[in-house]
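A, B, ... follow the sequence lines: proteins, then strands. Residue 1 opens every chain.
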Amino acid sequence: MRALRDPLIRAWAWLIALSAASTALAVAVSQGLLSGRGVTLGGAAILILAWAKANVILSRYLGLAQAPFWHRGFRIVLGLYAVLLLGLYLIA
Amino acid sequence: MSETGTDDFSPLDQLPGDLMMWVLIVSELLVFGAGLAAFLGVRITDPAGFAASQDLLHRTAAGVNTLVLVTSGFLAALAVRSAEAGRIGATRVRLAAASALGLVFLVIKGLEYLEKARHGIGIETDSFFTFYYLLTGFHAAHVIAGIVILGLVGIRCAPRTVEVGAAFWHMVDLVWVLLFPVIYLLR
């Protein structure tokens, strides 16, 4: 558990967990474990997980956690972009 | 410094790494971002057709590729840390490991393309596959460029160059974590 105190290792562990969660959700949808509104909610959850992964990469891998001004800017733009993708997904 | 001796703080001073690399990262994100938004925009016209084509993709292989790429990014970030500590040997090993995982990504992607070709699926099969080949192909080209860059910064090993090379690699990683769910997973 000491290793998880390292922000880089923690970031990597988060990315693995979030990626596994996205894939598990997608497999559940494709195998018919979710239906109707569940499929749409699953898709929305997959997009939210992608947004979370992108934030981890920006803050820890690219080091924006140490640049609050830029971190905030990137988070806002990425958040707006995620909302755009979510909107396009939900319209279909 | 200003004439009064106080710091003229510029937000640009906060930005980690090289400014030009950030300009490149933002421009690449804009290009891929527009491509993914266009993909979802065209999907509105034929959601059933897009879902049927998406079923022909190998989600598990793409999921494995995501794990490969984020682990490769982790190794590149560790390489920056070793470069800053002046540990040239460890830096080169980590850069080489990151590049090797980049090659694994390309092999899996190549097998995926090969399988599609065997089934007669190409860029002109339908709108879904046009976007699929353009976006994943353009991304794969960036992976190749990233491997070359990691190799070059491994040869000219200095903290600044390693940081810039790793930043490019993280951009490739960042694009993939957005591209993967939109193309492979969203139903």
Residue part contacting chain B, namely of A/Y81, when any heavy atom lies under 4.5 Å: side chain
Part of B/W169 lying under 4.5 Å from any heavy atom of chain A: neither
Shorter than 4.5 Å, heavy atoms on both sides: which option in B/L178, B/L15, B/T66 has the most such pairs with chain A? B/L15
N/O donor-acceptor pair under 3.5 Å between B/T130 side chain and B/I123 backbone: yes
Checking heavy atoms, do the side chain of A/L25, its backbone, both or neither come under 4.5 Å from chain B? neither
Using heavy-atom distances under 4.5 Å, tell me whether B/V80 contacts chain A through its side chain, its backbone, both, or neither. neither
In terms of heavy-atom pairs under 4.5 Å with chain A, the winner among B/R43, B/Q54, B/R59 is B/R43
Got a second to check how far B/L186's CG is from B/F180's CZ, nearest 0.5 Å? 10.5 Å
Option that, when pairs with chain B are counted at under 4.5 Å, heavy atom only, ranks first among A/L58, A/V39, A/L64: A/L64
Residue among B/V26, B/D55, B/I25, B/L40 with most heavy-atom pairs under 4.5 Å to chain A: B/L40
Do the side chain of B/Y184 and the main chain of B/T60 share a donor and acceptor less than 3.5 angstrom apart? no
Partner chain B: residue of A/A11, A/A20, A/A26 with the largest heavy-atom pair count (under 4.5 Å): A/A26
Heavy-atom distance under 4.5 Å to chain A: side chain of B/T45, backbone, both or neither? neither
Heavy-atom pairs under 4.5 Å with chain B are the metric here; pick the option from A/L15, A/V27, A/L85 that has the most. A/L85
Measuring from atom CD of B/E115 to atom NE2 of B/H58, what distance do you get when rounded to the nearest 0.5 angstrom? 6.0 Å
Looking at B/E84 and B/R81, is any side-chain nitrogen of the basic one under 4.0 Å from a carboxylate oxygen of the acidic one? no
Is the gap between the ring centers of B/Y133 and B/Y113 under 6.0 Å? yes
Which of A/I16, A/V29, A/T23 touches chain B most, by non-hydrogen pairs under 4.5 Å: A/I16
Taking only Lys NZ, Arg NE, NH1 and NH2, and the carboxylate oxygens of Asp or Glu, determine whether A/D6 and A/R60 approach each other closer than 4.0 Å. no
Select one option (side chain, backbone, both, neither) describing which atoms of A/L88 are under 4.5 Å from chain B's heavy atoms. both
Are any side-chain N or O atoms of B/Q14 and backbone N or O atoms of A/F69, one a donor and one an acceptor, separated by less than 3.5 Å? yes
Taking the side chain from A/R10 and the backbone from A/R5, do they hold a donor-acceptor pair closer than 3.5 Å? yes
